[in-house]
Amino acid sequence: MNKPTIALTLGDPAGIGPELIAKLLNIPNLIDHANIVVIGDSWLWQQGQQIAGVQINTRLIDCLADARQYENEQQFLLVAVDTIMPEEVTLGAATSGGGSSVLQVLDLCLKAVSMHDIDA
């Protein structure tokens with residue numbers, strides 16, 4: 001049986017989502033249970049890992065439609081998008097730019113689910 005392919009968003013760029021995702025992916029053997037794809041701005045993913053004090057090995061892929069071809073590899077995946085610039089973000093401050101960033105990523109995920117590129 002194939003592992004489910006699951007996209008994890010980094011959430012609001014001003015929030016705690018990026019470091020929580022980094023800590024989650026640092027759990028031993030997690031990769032054995034799902035083909036996990038992180039989706040978000042690459043600078044935000046790097047910042048989240050830095051704040052969490054972990055370094056998660058990820059393979060950069062072009063889009064969510066490519067994720068299933070890596071389901072048998074023991075590596076997390078990353079779809080990097082450009083939704084917001086770092087200088088537009090103040091940690092802990094909700095903004096319309098942060099909301100727009102979240103909506104862009106969620107839109108990509110919803111399209112991928114409807115196309116059966118990911119399971120969740």
Side-chain angles (χ1 to χ4, degrees):
M1 185 169 136
N2 296 339
K3 297 186 288 188
T5 297
I6 300 172
L8 292 178
T9 71
L10 297 176
D12 189 315
I16 62 171
E19 58 263 34
L20 290 179
I21 296 298
K23 287 181 179 184
L24 172 70
L25 297 187
N26 199 45
I27 295 173
N29 304 317
L30 182 65
I31 195 71
D32 295 336
H33 304 285
N35 183 31
I36 298 176
V37 188
V38 175
I39 181 167
D41 292 78
S42 59
W43 70 266
L44 185 58
W45 176 229
Q46 292 303 317
Q47 178 180 290
Q49 292 174 82
Q50 182 180 16
I51 292 170
V54 299
Q55 183 64 42
I56 305 299
N57 185 25
T58 53
R59 173 192 289 264
L60 183 63
I61 62 172
D62 291 330
C63 60
L64 289 168
D66 294 341
R68 290 198 193 275
Q69 68 184 341
Y70 299 101
E71 67 186 11
N72 293 321
E73 293 189 18
Q74 292 294 310
Q75 189 172 22
F76 298 110
L77 305 172
L78 170 67
V79 173
V81 294
D82 293 318
T83 66
I84 192 166
M85 300 299 294
E87 57 271 12
E88 297 177 76
V89 177
T90 301
L91 290 180
T95 64
S96 62
S100 176
S101 170
V102 170
L103 289 175
Q104 289 176 59
V105 171
L106 287 175
D107 186 52
L108 291 171
C109 292
L110 288 172
K111 287 177 183 173
V113 167
S114 69
M115 297 298 294
H116 305 286
D117 294 332
I118 61 174
D119 297 306

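Along the sequence shown, residues carry numbers from 1.
In this structure, the side chains of Q46 and Q55 come closer than 4.5 Å at one or more pairs of heavy atoms. No side-chain heavy atom of L8 sits less than 4.5 Å from a side-chain heavy atom of F76. Residues D82 and W43 have side chains not in contact (no heavy-atom distance under 4.5 Å, counting atoms from C-beta outward). Looking only at side-chain heavy atoms (C-beta outward), V102 and T9 stay at 4.5 Å or farther from each other. Within the 4.5 Å cutoff, the side chain of V89 has no heavy atoms near those of the L44 side chain.
Under the 4.5 Å side-chain heavy-atom criterion for grouping Ile, Leu, Val, Met, Phe, Trp and Tyr, I39 is not connected to L103 through any hydrophobic cluster. Neither I118 nor L24 shares a network with the other; the hydrophobic side chains, linked directly or stepwise wherever heavy atoms of I, L, V, M, F, W or Y lie under 4.5 Å apart, form separate groups for each. Linking ILVMFWY side-chain heavy atoms closer than 4.5 Å, directly or via other members, places I51 and I56 in two distinct hydrophobic clusters. Both L30 and W45 are part of a single hydrophobic cluster, where members link through side-chain heavy atoms under 4.5 Å apart. Under a hydrophobic-cluster definition in which Ile, Leu, Val, Met, Phe, Trp and Tyr are linked whenever side-chain heavy atoms come within less than 4.5 Å, directly or via other members, I16 and V105 are assigned to different clusters.
With a 6.0 Å radius and a threshold of 12 heavy atoms from other residues, nucleotides or ligands, L20 has its CG atom above the threshold. For D32, the CG atom is densely surrounded, since the number of other residues' heavy atoms within 6.0 Å is greater than 12. Annotation for Q69: atom CD counts as buried by contact number, over 12 foreign heavy atoms lying within 6.0 Å.
Residues L10 and G40 come closest through the heavy atom pair CD1-CA, 3.9 Å. Across every non-hydrogen atom of I61 and D66, the tightest pair is CD1-C, 4.3 Å. Looking at every heavy atom in both residues, N35 comes nearest to A67 through ND2-O, 3.0 Å. Minimum interatomic distance between L64 and L108 (heavy atoms only, all atoms of both residues): CD1-O, 3.8 Å. In this structure, D41 and S101 approach most closely via the heavy-atom pair OD1-OG, 4.0 Å. When all heavy atoms are compared, the tightest approach of E73 to R59 is OE1-NH2, 2.9 Å.
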CA sep, side-chain torsions, deciding dist, call: I27, H33, side chain to side chain contact (heavy atoms under 4.5 Å, CB included) | CA-CA 11 Å; I27 295 173; H33 304 285; over 6 Å; no
Going through the distances and angles, do T5 and V37 end up as a side chain to side chain contact (heavy atoms under 4.5 Å, CB included)?
-> CA-CA 7 Å; T5 297; V37 188; 4.2 Å; yes
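Atom CG of N57 and atom CD1 of I31 lie 10.0 Å apart (nearest 0.5 Å). With rounding to the nearest 0.5 angstrom, the CG atom of N29 is 8.5 Å from the CD atom of Q74. Atom CG of residue D119 and atom CD of residue E71 lie 9.0 Å apart, to the nearest 0.5 angstrom. If you take CD1 on I6 and SG on C109, they are separated by 11.5 Å, rounding to the nearest 0.5 Å. How far CG of N26 is from CD1 of I21: 12.5 Å, rounded to the nearest 0.5 Å. Separation of atoms CD (Q104) and OG1 (T83) is listed at 5.5 Å; rounding is to 0.5 Å.
Residue pairs satisfying the salt bridge (Lys or Arg N to Asp or Glu O under 4.0 Å) criterion with at least one member in residues 88-107, sequence neighbours excluded, are listed as follows: D107-K111.
Partner of V38 under the side chain to side chain contact (heavy atoms under 4.5 Å, CB included) criterion, out of V79, L25, L77: L25 alone.
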